[in-house]
Amino acid sequence: MPQRRRPLFGYDPELARPQGAAGPLTISELNRLVRGRLESDFPRVEVRGEISNFSAAASGHLYFSLKDAEAQLDAVVWRGSAARLDFRPEDGLEVVARGRLSLFEPRGRFQMIVEAMRLEGRGGLEARFLALKAHYQALGWFAAELKKPLPFLPAVIGLVTSATGAAVHDVLRSIYDRFPRAHVRLVPVRVQGRGAAEEIAAAIDRLDRLGLCEVMIVGRGGGSLEDLWAFNEAPVVEAIHRARTPIVSAVGHEVDVSLADLVADFRALTPTAAGEAVVPCLLDLEDQLARERRKLGRTMGDRLRRLRLELDSLGRSWALREPLNLLHRTDQRLDDLRRRLAEGLRGRLRLVQRRLDALAAAPALRDPRHRLERERARLDGLRLRLEGRLRSGLDRAAATLERQERLLEGLSPLRVLERGYSITRRADGGLIRSTTEVAPGDRVSTRLADGEFESRVEA
Amino acid sequence: MAKKAGFEDRLAELEQIVASLEDGELSLEQAVEHYQKGIKLHRELRGHLERMEKRIEQLTADDRLVDLDDGDPATEDED
């Protein structure tokens, strides 16, 4: 525009003084003057620099400095512009900021009002990436021991990605190609731009906290380092690190390594690979099951067939056949005997029987009984001898007694009577020894050797 | 969502049972026992596969699960 260039701080009383004013300016007047000049002279500038002293105020405005090796510039992003940023500004990021210059009058500090800002070049981001990677590496967050195993056949698969990108289709297609009965729970998120990292982190946290899946895929399709940047940011890295659910990352293509990939339990090189990582192939699985089933039946069948064969061969073996033979032979013998009986050979049988009886009677066959018998006989003998001795003693005593008896008998009155004497007693039993002891008319009783008689005294 | 033993563990158990049967080292009683267990495991695993069904849900901002059509889970254009 054809504007007259004027030296900014050169002395030019005509323009540096408000209309009609005289004398020195107030600070406010000067600052307002400078601000007007700055805004009209630098309505649109673009600068490159590194963000430092970044702070996001509660109001939503962002304050920071832009600097290079020698100089720095205060900068502010008003809330409305901040919402449109497609990355999270933070210290150390190399950016290109576009906006206008102005002056913060109360402090007299000039600043850049940034209206748009983009991350500058790979150099800055890569340096940032390396710094963050070193940071989490030092914390041990990429350690192999932290990697949780993926479930073999998850009942539910969580999917955190953009609902509209190619990635979601690739993941779903590869899941359903392999396992047509999978159950997927999608949490749609923005995967780039400001706030994307927080959204992704919140989705991971929700799925994990609510236990809504057994494995989770977090990712997006390919893009520039800037596009993928959300997956390098602290909220995402930390959410993946703290989740108890195993997480498969699938960020960009094989060449793109994000911090999400490094901290995840499994890194899928592509969204398709992520699908393959979380489900087995259903057909393979069914084949395997059918194979195991067949083997199960076959081995058991084999085993039973073998057993049956063994049984059969045992049945034919000598050990089992011999008792049968014995039986048969016995039958035959019985038949034979019956036949011989029928032929009248009973006598011969009796002979055999007698011989058997004789044998049975042999002392050798009845030995225990025989010996008992012998012992009993000995005892009997002893007893007899004992009794004999006793009896002879008794007999002697009896003979002596008999002799004494006979002697005594000789002295008995009965013996005298036997010789013809008699004894006569009165009725009262008194012995009559003299005729004076009786009177005529008395009844007396006379005892003879063989009896008694009674008589009356006459005289 | 915790299961008694995972599908993979049970599948491995089935394979082990088959292998031990094939070994022929087991007594007949053990073999029959293994066989029955194997058949049971096989039935469970098949049942597990058959019970699963295709389902795509979306977790909404207020923690509700909404079934999505098999087609495009499209909401807004992002990347």
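So you know, we letter chains A, B, ... as the sequences are listed, proteins then strands, and number each from 1.
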Check each atom of A:L282 against the heavy atoms of chain B and say whether the ones under 4.5 Å are side chain, backbone, both or neither.
side chain
Nearest-0.5 Å distance that lies between atom CD1 in A:I217 and atom CG in A:L186:
10.5 Å
Counting heavy-atom pairs under 4.5 Å to chain B, which of A:E286, A:R291, A:E292, A:Q288 comes out on top?
A:E292
Atom group of A:R303 that falls short of 4.5 Å from chain B, counting heavy atoms
side chain
Got a sec: does the CD of A:E90 have more than 12 other heavy atoms crowding it under 6.0 Å?
yes
Does A:R88 come within less than 4.0 Å of A:E233, counting only side-chain N to carboxylate O?
yes
Engaged part of B:A61 at the chain A interface, taking heavy atoms whose separation is under 4.5 Å:
backbone
With under 30° as parallel and over 60° as perpendicular, where do the rings of B:F7 and A:F152 fit, or are they tilted in between?
parallel
Flag the one option from B:T60, B:L41, B:I17 with the top tally of heavy-atom pairs under 4.5 Å to chain A.
B:T60
Residue B:V32 versus chain A: region with a heavy atom under 4.5 Å:
both
Does a donor on one side chain and an acceptor on the other come within less than 3.5 Å for A:S174 and A:D177?
no
A:L307 portion near chain B, given a 4.5 angstrom heavy-atom threshold
side chain
Bottom line for A:L210: the part with an atom under 4.5 Å from chain B's heavy atoms is side chain
Given heavy-atom pairs under 4.5 angstrom as the criterion, report whether the side chain, backbone, both or neither of B:E22 touches chain A.
both
Under 4.5 Å heavy-atom distance to chain A, tell me which part of B:L28 shows up: side chain, backbone, both or neither.
both
Does any backbone or side-chain atom of B:D9 lie under 4.5 Å from a heavy atom of chain A? Answer side chain, backbone, both or neither.
neither
NZ/B:K54 to OH/A:Y176 distance, rounded to the nearest 0.5 angstrom?
5.5 Å
Give me the one residue out of A:R305, A:R298, A:R306 that meets salt bridge (Lys or Arg N to Asp or Glu O under 4.0 Å) with A:D302.
A:R305
Report the option among B:D63, B:V66, B:L14 that has the most heavy-atom pairs separated by less than 4.5 Å from atoms of chain A.
B:D63
Answer yes or no for A:K147 and A:F266: cation-pi contact, defined as NZ/CZ to six-membered ring centre under 6.0 Å and angle to ring axis within 45°.
no
At a heavy-atom separation under 4.5 Å, does B:L45 approach chain A through its side chain, its backbone, both, or neither?
both
As a quick check of understanding, evaluate side chain to side chain contact (heavy atoms under 4.5 Å, CB included) for B:H48 and A:L153, giving each step before the final call.
CA-CA 10 Å; B:H48 186 126; A:L153 180 56; 4.0 Å; yes
Residue by residue, scan residues 197-208 of chain A and write down, ordered by number, those that have a heavy-atom distance under 4.5 Å to chain B; if none do, write 'none'.
A:R206, A:L207
Around atom NZ of B:K40, are there more than 12 heavy atoms of other residues, nucleotides or ligands at under 6.0 Å?
no
Is B:K37 salt-bridged to B:E33, going by a charged N under 4.0 Å from an acidic O?
no
Using a distance-only test with no angle check, is there a side-chain donor-acceptor pair under 3.5 angstrom linking A:T272 and A:T270?
no
